[in-house]
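Just below is one structure, and these are the notes that go with it.
Letters A, B, ... are given to chains in the order of the sequence lines, protein chains preceding strands, and every chain is numbered from 1.
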There are 2 protein chains.
Amino acid sequence: MSGGPTINTIAARAGVSIASVSRVLNGLPTREETVRKVLAAANELGYVPNSVARSLKSRRTNQVAFAMADIGNPVYLAMIREIQPVLKAAGYRLVLHSTDADVGDEIDVLRSLGERYVDGLIMIPLRVTAELVTAITVARAPVVVIGSVPEGTAVDNVRTDSRSGLRLAMEHLHALGRRRIGFLNGPPDTVPGAARGAAYIATLAALGLPYDPRLVEVGDFYRLEGAQAAERLLARLAADGGAPGLDALMCANDLIALGALDVLRRAGLRVPEDVAVAGMDDVDLAAAAWPAVTSVSLGSAERGKAAAELLLDRLENGDRAPRAVTFEPRLVIRASTVGEETR
Amino acid sequence: MSGGPTINTIAARAGVSIASVSRVLNGLPTREETVRKVLAAANELGYVPNSVARSLKSRRTNQVAFAMADIGNPVYLAMIREIQPVLKAAGYRLVLHSTDADVGDEIDVLRSLGERYVDGLIMIPLRVTAELVTAITVARAPVVVIGSVPEGTAVDNVRTDSRSGLRLAMEHLHALGRRRIGFLNGPPDTVPGAARGAAYIATLAALGLPYDPRLVEVGDFYRLEGAQAAERLLARLAADGGAPGLDALMCANDLIALGALDVLRRAGLRVPEDVAVAGMDDVDLAAAAWPAVTSVSLGSAERGKAAAELLLDRLENGDRAPRAVTFEPRLVIRASTVGEETR
DNA sequence: TTGTAGGCGTTATCAA
DNA sequence: TTGATAACGCCTACAA
């Protein structure tokens, strides 16, 4: 009573052994009549196989975990939307982990693979410490990492070069005649924060523009923090010299750009006439904002899909060499840099 | 080798029985020295308990499923963001199901509860058929439904009255002097579509406004479909009489409103000067849009949290009576109805 | 073709 | 305090 029917219940009802029940249920060759009796009993009892018992025996759970910093981030959301159907089609369920970008949490998730509640893991670490890399390499289940990972780490990996992506956007701003290009970054101790910060400086040099630290502010990859960073930047520029001395704002992601947009507007600056704004990630929100935000697509959806496929492949072929899939960034030009007329 | 260490491995290593190992690992009273030996062995071997075996024995998986139409919908996303931490704090993992608003899929999920891979389910059905209700009542694990469910259905339930919510928005439009209030709805065979369609007509009557079917279009609850519906509406009005004859647009959700916003703008109509626009759900996007969209908050986050708590409560207290939690809709006034000046 | 029995990794009972 | 042993529900040799 406490649990539902099991193969024992069915066996008793059908007057056969549990082995026969199992055989019928798994489509193994069985005498016609036995099949009938078993199926009839299973039907009447509303039998559903217990996946836990099945997993214990088969050593496979048909579950895959996805670990990211925060589901609220539209980038991860775009990935999930691609990952989920791929996994579902292959018969896997999706288990979600939010790590709040905490390395400890991420390492916990990796360790928990030893509990064997999933067959594999797709993860997006934001801070790649040595300890994390170790945890990845000793993980008890296949792992696919979305994002950069130290050269030579033996793990399936899907990445986009955000450095060249940021460069695309900067070149675009430069081509529009902008010369005082500010930069709002996320935490520099994260992989994307470090990469984009370095790319900003490198691109300035490549464009022959001076690097002026007063044009740079650091916050976090969210809208609110982006707005605060923009406020600090404007306040400092005002204190420094009066005139904004700023004709473009490169933002390390779209959420920051959206926050900056509000602040600029409130400060009476027109976008893009006074200050052109560009972001990264090309999330839905960027296209929906007003003005729509020029952004660098890092192929979130494609990366998610590729990661899922990579993991599925490894689940069937555990000992192939680690593979790295790379996507090219792509500039999506919208009104926040070129204005309305081109729409 | 193939699997990780088990209590057998540890028992052998520590020179004790598996029963002792289990006792130590579960903190049951054991002799000091045995504890030491077992913990030492477990540490050296990097032992992690197998959750599948544990689940088989304990009949609990520490997993909860969440089933919704589409993770891309910001409403569900807001819910997940609340549900996840509540479950995590209680030691549960979250399994995600996307059903594409397909009743068959939802019934499949309910049936799959018999597989016992989760301890409970939170679901948001869009179309509540008799078959679905049956499936809910015979489900093999506790279910919490977010949304309306037929009177008397014995299931934990969290809801907001979207009828009175829509009425709030309509009264607001009316108070602003709008008299030709159009309506863009989602599929009328969904619970929210039906409720909001009925509420539109009822509210018109309550406001003493005539019901003009030419002001109503039906599409789906997404941005693209909302835009298409808005286009059809404008085209028909233009064909019918030339002048728009429309001074407000009530949208069944925010995504529809965002789509409509684009279309109105492209048609050269100013929002809100020519046409005021209101949506429902109060998703992030509504606040981020330009102009920001007046919306009716149906308490998505709160509903998610309440659902998770309701489920946790039932998991500890399986036989209490079904409970219904209700939230009041709340109007959030933004620029799309009152213009910029009030910001 | 069918049934018996052992094992997947844990927990829990019952003697010793 | 400890160790054998029996479940949990399923799959699968192996033997009949």
Side-chain angles (χ1 to χ4, degrees), chain A residues 1-39 41-42 45-63 112-119 140-141, chain B residues 1-39 41-42 45-63 112-119 140-141:
Chain A
M1 293 302 102
S2 68
T6 73
I7 52 172
N8 284 290
T9 331
I10 298 181
R13 176 100 166 205
V16 299
S17 74
I18 61 168
S20 286
V21 175
S22 177
R23 270 186 293 256
V24 171
L25 263 24
N26 291 315
L28 298 179
T30 315
R31 180 157 48 120
E32 183 92 13
E33 198 200 328
T34 311
V35 172
R36 268 211 344 274
K37 286 193 293 189
V38 168
L39 290 183
L45 294 168
Y47 171 79
V48 180
N50 182 309
S51 67
V52 175
R54 200 169 250 184
S55 291
L56 181 59
K57 179 71 188 174
S58 67
R59 294 154 169 279
R60 303 181 59 262
T61 60
N62 293 313
Q63 293 191 157
S112 76
L113 293 178
E115 297 174 23
R116 305 234 168 255
Y117 64 95
V118 286
D119 298 334
R140 292 264 168 81
Chain B
M1 287 299 103
S2 69
T6 73
I7 52 172
N8 284 288
T9 331
I10 298 180
R13 175 101 167 206
V16 299
S17 73
I18 61 168
S20 285
V21 175
S22 176
R23 258 175 263 162
V24 171
L25 264 23
N26 290 316
L28 297 179
T30 316
R31 180 158 48 120
E32 183 93 12
E33 197 200 330
T34 310
V35 173
R36 268 212 342 275
K37 285 193 293 188
V38 169
L39 290 183
L45 294 168
Y47 171 79
V48 180
N50 182 309
S51 66
V52 175
R54 202 169 249 184
S55 292
L56 180 59
K57 183 67 187 170
S58 68
R59 295 153 168 280
R60 303 181 59 260
T61 59
N62 293 311
Q63 293 191 156
S112 76
L113 293 177
E115 296 174 23
R116 306 234 166 257
Y117 64 95
V118 287
D119 298 333
R140 291 265 168 81

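- Not a single salt bridge (Lys or Arg N to Asp or Glu O under 4.0 Å) links R36(B) to another residue, sequence neighbours left out.
- For E32(A), there are no side chain to side chain contact (heavy atoms under 4.5 Å, CB included) partners two or more places apart in sequence or in a different chain.
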Show me the protein contacts with nucleotides 11-15 of chain C, counting only N or O atoms at under 3.5 Å.
from, atom 1, to, atom 2, distance (Å)
dT11(C), OP1, R54(B), NE, 2.8
dT11(C), OP1, R54(B), NH2, 3.2
dT11(C), OP2, S22(B), OG, 3.2
dT11(C), OP2, N26(B), ND2, 3.4
dT11(C), O2, K57(B), NZ, 3.1

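- Within the nucleic acid shown, V16(A) comes within 4.0 Å of sugar-phosphate atoms alone, with no base atom in reach, counting heavy atoms only.
- For residues 17-30 of chain A, no residue pair satisfies the salt bridge (Lys or Arg N to Asp or Glu O under 4.0 Å) rule, not counting sequence neighbours.
- Partners of P5(A) under the side chain to side chain contact (heavy atoms under 4.5 Å, CB included) rule, at least two apart in sequence or in another chain, are T9(A), L45(A), Y47(A), R140(B).
- Fit an axis to the five pairs at each end of the helix from dT1(C)-dA16(D) to dA16(C)-dT1(D) and the two axes sit 50° apart, to the nearest 10 degrees.
- Legend: residues meeting side-chain hydrogen bond (donor to acceptor under 3.5 Å, both in side chains) with S22(A), ordered by chain and number and at least two apart, are N26(A).
- Remark: R60(A) engages no residue in a salt bridge (Lys or Arg N to Asp or Glu O under 4.0 Å) (not counting sequence neighbours).
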Listing, residues 11-20 of chain B side-chain donor-acceptor contacts under 3.5 Å, not counting sequence neighbours, or none:
from, atom 1, to, atom 2, distance (Å)
R13(B), NE, E44(B), OE1, 3.0
R13(B), NH2, E44(B), OE1, 2.3
S17(B), OG, A19(B), N, 3.4
S17(B), OG, S20(B), N, 3.3

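- Remark: S51(B) engages no residue in a side-chain hydrogen bond (donor to acceptor under 3.5 Å, both in side chains) (not counting sequence neighbours).
- Contacts between chain B and DNA chain D, taken as any atom within less than 4.0 angstrom of a protein heavy atom, begin and end at dT1(D) to dG9(D).
- Distances shown here put every side-chain N or O of R116(A) at or beyond 4.0 Å from the OP1 or OP2 atom of dG9(C).
- The side chain to side chain contact (heavy atoms under 4.5 Å, CB included) check on T61(B) picks up V52(A), S55(B), Q63(B), D119(B), with sequence neighbours excluded.
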